[in-house]
Amino acid sequence: MRWMKSIGAATIMLVLMSLTLSTFASSHKLVLTGSSTIAPLAIELGRRFESLHPGVRVDVQTGGSSRGINDTRKGVADIGMVSGVLKSAEQDLQAFAIALDGVGIIVHASNPVTTLTNRQIVGIFTGRITNWQEVGGHDARITLVNKAEGRSTLESFLAYFQLKNSEIKSHIVIGDNQQGIKIVSGNPHAIGYVSIGAAAYDAQRGVPIKLLTMDGVAATVANVRNGTYPLSRPLNLVTRLPPTGLVKQFIDFARSKQTHDLVEAQYFVPVSVD
Amino acid sequence: MIWWKHSISFLSASIDRWFSAALRIGALLAALIMLFILLFLLLESWPVLRHIALMRFFTDEAWHPLEDQYNLLPMVTGTLYASSGALLLAIPLGIASALFMIFYATPRTAVLYRRLIELLAGIPSVVFGFWGLTTLVPLINQWHPPGASLLASILILTLMILPTLALTSYAALVAVPKDYLQAAVALGLSRWGMIYGVALPAARKGIVAGILLAAGRAIGETMAVLMVAGNVVQHADSLFAPIRTLTANIALEMAYAMGDHRAVLFVSGLLLLLLVIALTIIAAWFGKTHHV
Amino acid sequence: MTMETHEIKHSTQSVCEQPSTYTLGPLQAGPYCCIPHPVIQVKALSLFYGGKCALDTVTLDIYRGCITVLIGPSGCGKTSFLSALNRLTDLVPSCRVDGTVHVEGENIFGAHCNLQQLRKRIGMVFQKPTPFPLSIQRNIALPLREHGVTRQADIQAITEQVLRDVGLWDEVCDRLDAPALSLSGGQQQRLCIARALALNPQILLMDEPCSALDPIASGVVEELINRLSGRYTIVIVTHNLAQARRIANYAAFFWVKERERIGHLVEFGRCQHIFETPSDPLTAAYVSGATG
Amino acid sequence: MSKLFVNKDKMSYLLRDLTIQVLIYSAIVCVSGVFLWILFDLIRGGSALLSWQFLTDVPRDAGRAGGISSILASTLLVLLIALLAALPISWATAILLTEFISAESPFGRWVRYSLQVLACVPSIIFGLFGYAFFSLYLGLGFSILSGGLTLACMLLPILVSTAEAGLRAVPESYRLSAVALGMSRAATLFHVLLPVAAPAWAAGLLLGIGRAAAETAALMFTSGYVDRMPESLLDSGRVLALHIFDLSMNVPGGDAPAFASALVLILLLLVINLVAMRFTYLWQRKKLNAE
């Protein structure tokens with residue numbers, strides 16, 4: 001029976017340990033979930049916030065803007081990350097913009113195509129154009145990478161081109177931005193759309209992708225900043241109730257000047273409140 | 001006077017009673033979990049079951065939950081294509097592996113091969129998916145874009161269930177009494193005659209059980225398929241067309257689905273569960289009626 | 001409860017030097033049995049398995065200190081009868097028992113019977129040797145601890161004594177920690193008898209204790225049974241008529257009806273009577289080897 | 001004499017046997033070829049990065065740099081929680097079903113049937129259940145605790161069925177003779193049946209650990225994605241299998257660490273196997289010879 005005793009003792013110890021640890025940890029933890037566009041920035045923000053407030057822990061999880069809204073409503077997350085303007089059904093939440101970002105079309109770096117018109121883009125995504133030759137590229141079939149239903153990047157894209165998701169004839173459906181970048185970087189004939197910030201960040205680090213010029217406007221941070229790039233949206237932090245305490249501190253911190261370098265390092269455009 | 005300082009028999013009888021009660025509580029908990037899961041799937045999908053006719057999940061135009069179109073059929077066929085394709089490939093290979101280990105290989109090779117298969121049985125499905133994503137998909141892409149396709153998911157699922165099939169068939173064949181085989185050899189049957197006429201029929205029950213187990217795993221597999229299938233909701237018209245399975249659909253959209261969309265995902269979970277329960281019932285029926 | 005009033009004395013020395021309270025003769029002297037005092041009284045005992053009658057209304061007495069053999073063809077209910085005497089029939093869920101069995105005047109099928117006490121009083125030895133897969137020492141210590149003997153010194157003393165009683169001590173005293181399963185078949189059976197003796201039972205039930213052993217081991221066990229008679233009341237099932245004739249004081253002949261497959265008691269009486277002057281022609285035919 | 005039995009079909013029989021032999025051998029070559037290819041790929045891709053430092057560093061830059069120490073810690077914690085929760089329940093169930101109640105009783109039948117169904121529930125459904133039940137209703141959030149409990153539900157049927165099989169394989173004669181010696185069921189179980197059934201139980205445990213360590217779908221929504229060192233059981237912690245998934249799906253340039261992590265996961269499973277087998281062996285020997 002000795003082994004039973006030791007298992008029993010271990011169980012009790014573990015329960016006690018978890019209880020003490022959890023009471024110790026619960027009050028100083030911030031949970032952020034939502035948009036995969038904002039997540040890399042939020043991780044950096046969290047890191048700096050932790051260094052300024054010892055004992056605080058910031059956990060960031062991705063999953064899409066809708067998840068951010070869901071989790072915030074259910075109270076699983078303290079702060080939701082939502083890219084794009086809140087819809088009318090989401091007005092129960094408090095939104096705080098922390099940056100601006102664009103949605104850009106990406107292709108593999110070896111693709112000779114550098115610019116596409118809106119008509120061409122609509123043609124490609126609705127399946128009327130299926131070969132790169134038709135838009136000035138190599139003779140190869142286009143592999144279309146689309147985002148999964150419910151992603152805010154998809155919604156911004158559809159709204160801008162006035163398309164319905166059912167019209168898009170995709171070959172691969174993805175979730176996070178990074179997944180799209182990964183697939184496009186591994187497939188020379190793929191085309192997709194992702195957050196400009198995420199794409200520029202990875203392109204600069206040597207991932208073989210490039211952002212296409214859309215209707216004559218280059219997809220750059222500068223063009224998002226000066227408003228000439230048409231497909232841009234705000235990146236928001238949302239809460240269920242007006243923020244207080246640690247949550248308020250974090251949101252204020254994220255919107256302050258001292259984080260602009262972090263925002264710019266992710267190729268987003270900072271918005272300032274102070 | 002050693003014997004009856006005290007009688008502990010009464011004590012141990014009551015220990016038995018307490019022990020049994022504790023065990024009952026444990027078993028009750030175990031059984032309740034299944035009810036919990038079922039109850040909760042029903043609860044979560046109830047809102048949508050109440051106002052959307054059941055037929056719409058099969059007759060709507062397509063799967064666009066945000067446009068109020070909830071056709072689950074392409075994902076059901078995707079699941080069925082992928083898992084039946086994988087079974088079609090894996091069953092012959094698995095049984096061949098088992099036969100090889102028992103009847104064809106030298107003892108040393110057999111052990112070596114079994115170790116290899118056991119090692120592979122321990123490889124997590126996500127690693128198979130990862131390998132498929134980095135090796136298989138680019139290969140298929142060169143041949144026939146886009147690469148992420150029904151074919152890729154069939155191949156990955158095959159690799160995943162092959163070790164299970166090989167090991168269960170092996171166990172079933174090993175359990176065939178040596179006397180049968182000796183009698184067959186004594187009657188002058190050739191090797192294949194003995195295998196086909198005696199060994200396989202005697203081991204059939206175990207092999208079928210293994211196949212159903214593998215089928216369950218193939219239908220339920222999520223991540224490996226999610227990684228290589230392309231996840232486009234459509235009826236596959238060729239092996240190279242991307243597909244989406246029921247499980248991948250849940251994994252892909254659950255995190256940010258809301259309202260009806262979320263409830264429909266639970267409906268697809270329910271559907272998946274029913275599919276698999278049907279499989280178990282078939283297995284039970286098969287076990288009852290078709291034993292040798 | 002009879003147990004409390006019936007204080008059994010157990011000496012730590014050899015049994016033959018200091019006989020227990022109800023030992024009727026020295027062990028070496030062979031069977032000594034002349035006081036027909038019934039210790040078990042079976043009245044109208046019937047056994048049913050799943051509603052089907054297996055043994056039909058048996059009534060007989062088992063006398064204290066004597067060896068009673070149960071003989072008869074296979075399937076006539078001897079073993080079932082034996083296991084009804086210590087209520088091992090409880091373990092078969094479909095088994096129902098009618099009638100009464102009184103041990104020392106107490107009905108063992110009564111509601112207040114303490115089963116563990118009962119089985120301590122009535123030891124049992126099975127056809128195949130059934131030592132636990134533990135060490136020799138622990139095989140004997142385990143049931144002792146269970147019945148409240150916890151002092152290590154007591155356990156050691158009892159172990160040595162019962163092993164001496166079955167003549168196993170000299171063979172194993174230097175390897176008490178060896179696995180019991182490493183013993184030979186005959187040794188294992190003697191260990192099982194020792195294990196039963198360690199609880200100081202009044203009655204020993206033996207279900208063909210020699211039939212799984214080779215002739216030499218069988219002879220050793222038979223001689224042991226002979227030595228134990230007098231000190232213990234022994235009920236033994238055997239197919240070996242010669243053996244039965246050699247060791248028994250009383251014999252009960254069971255027969256099975258051809259068509260209904262129902263076992264019943266044909267004749268019960270002193271050994272000499274059954275084997276030499278049976279009153280039933282069936283018995284006569286069986287003991288002469290003409291049937292069965 | 002023997003000419004009598006040589007008929008003209010003999011050749012075709014030989015041909016058939018030969019064809020089948022060739023088919024089987026080519027299947028084997030195929031299977032082992034592909035599997036060796038996978039193993040070779042994994043080892044080649046992962047061995048470059050694999051080092052002591054990789055195991056002891058925390059992941060940096062979304063896992064592209066640094067190591068996997070925090071991932072390993074989360075994995076082990078999730079496993080521990082899952083086993084601690086699942087083992088008592090499942091072993092109790094197995095013991096009850098084999099030793100205490102008849103398989104035909106309504107309760108026994110109901111429990112058994114529930115477990116049978118539970119065994120074929122896909123892991124993603126456990127994920128859904130765990131997310132809604134443990135994370136939301138019980139308010140555990142995305143945490144190692146809710147992940148571990150979800151896994152525990154998933155492990156139950158495997159652990160029960162293997163433990164049950166182990167107990168059923170114990171010869172009936174042990175039970176009979178233990179009962180005949182007047183031993184209580186509990187004592188019979190602990191002293192006689194469990195030592196005999198131990199290897200089967202350990203095998204089931206290993207199977208469970210293997211399944212749990214490889215699980216991704218059930219943990220996606222429950223224990224979460226956070227790749228930092230967990231400080232309490234209520235923190236989110238990313239497990240190794242999910243790390244591999246994330247690196248390969250969502251991190252451009254994450255292939256090399258994904259290969260290395262996959263290699264670590266496989267090695268981990270191997271080591272768990274070996275250690276547990278050794279442990280069982282020793283335990284059984286001790287049990288056989290002690291006192």
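Below, read A as the first sequence line, B as the second, and so on, with proteins coming before strands; counting in each chain starts at 1.
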Is any side-chain heavy atom of D/Q21 less than 4.5 Å from a side-chain heavy atom of B/R191? yes
Options B/P92, B/A22, B/G216, B/A30, ranked by heavy-atom pairs under 4.5 Å with chain D, top entry: B/A30
Heavy-atom pair count under 4.5 Å with chain B, highest-scoring of D/D41, D/L42, D/L156: D/D41
Side chain, backbone, both or neither: which part of D/F129 has a heavy atom under 4.5 Å from chain B? both
CD1 of B/I123 to CG of D/L39, rounded to nearest 0.5 Å, is 5.0 Å
Best-contacting candidate, B/W131, B/F103, B/F266, against chain D by heavy atom pairs under 4.5 angstrom: B/W131
Do the ring centers of D/F133 and B/F36 come within less than 6.0 Å of each other? yes
If I measure from the heavy atoms of chain D, does B/T158 come under 4.5 Å with its side chain, its backbone, both, or neither? neither
One option among B/L93, B/L120, B/I250 has the most heavy-atom pairs under 4.5 Å with chain D, and it is B/L120
Chain B heavy atoms under 4.5 Å from D/L97: which part of the residue, side chain, backbone, both or neither? neither
Heaviest contributor of heavy-atom pairs below 4.5 Å to chain B, chosen from D/A27, D/A262, D/S32, D/A217, is D/A217
Considering only heavy atoms, which portion of D/R16 lies under 4.5 Å from any heavy atom of chain B: side chain, backbone, both, or neither? side chain
Are the side chains of B/L119 and D/F35 in touch, meaning some heavy atoms are under 4.5 Å apart? no
Just so I know, are the side chains of B/F130 and D/L247 near enough to count as touching, which here means a heavy-atom distance under 4.5 Å? no
Heavy-atom proximity to chain B below 4.5 Å, by part of D/L270: side chain
Tell me the closest heavy-atom pair linking D/V31 and B/S97, and the distance in Å. CG2-OG, 4.4 Å
Please find the pair of heavy atoms, one from D/I266 and one from B/P124, that lie closest to each other, and give the distance. CG1-CD, 4.3 Å
Nearest 0.5 Å please: distance from the OG atom of B/S125 over to the CZ atom of D/R211. 9.5 Å
In terms of heavy-atom pairs under 4.5 Å, which option from D/V34, D/V117, D/I244 contacts chain B the most? D/V117
If one checks every heavy atom of D/L115 against chain B at 4.5 Å, the contacting part turns out to be side chain
Does some side-chain heavy atom of D/V121 sit less than 4.5 Å from a side-chain heavy atom of B/L273? yes
At a heavy-atom separation under 4.5 Å, does B/F40 approach chain D through its side chain, its backbone, both, or neither? side chain
Could you look at B/Y196 and say if it's the side chain, the backbone, both or neither that has a heavy atom under 4.5 Å from chain D? neither
Scanning both residues in full, the closest heavy-atom pair of B/M34 with D/S114 reads CG-O, 3.7 Å
What are the two closest non-hydrogen atoms of B/T222 and D/S123, and how far apart are they? OG1-OG, 4.4 Å
Using heavy-atom distances under 4.5 Å, tell me whether D/I124 contacts chain B through its side chain, its backbone, both, or neither. both
Would you indicate whether the side-chain heavy atoms of B/T134 and D/S248 approach each other to under 4.5 Å? no
Using non-hydrogen atoms and a 4.5 Å limit, figure out which bit of D/F221 sits close to chain B: side chain, backbone, both or neither. side chain
When the 4.5 angstrom heavy-atom criterion is applied to B/E118 and chain D, the contacting part is neither
For chain D, which of B/L99, B/L279, B/L41, B/L28 has the most heavy-atom pairs under 4.5 Å? B/L28
Region of B/L116 that comes under 4.5 Å of a non-hydrogen atom in chain D: side chain
Counting heavy-atom pairs under 4.5 Å to chain D, which of B/I33, B/V127, B/I37 comes out on top? B/I37
Closest heavy-atom pair and its distance - B/G269, D/I125: O-CD1, 3.2 Å
Between B/L35 and chain D, with a heavy-atom cut-off of 4.5 Å, which part of the residue counts as in contact: side chain, backbone, both or neither? side chain
Could you tell me which portion of B/R24 (side chain, backbone, both or neither) has an atom closer than 4.5 angstrom to a non-hydrogen atom of chain D? both
Taking every heavy-atom pair that is under 4.5 Å apart, which of D/I20, D/L269, D/I28 has the most such pairs with chain B? D/I28
The interface call for D/Y25 against chain B, heavy-atom contacts under 4.5 Å, is side chain
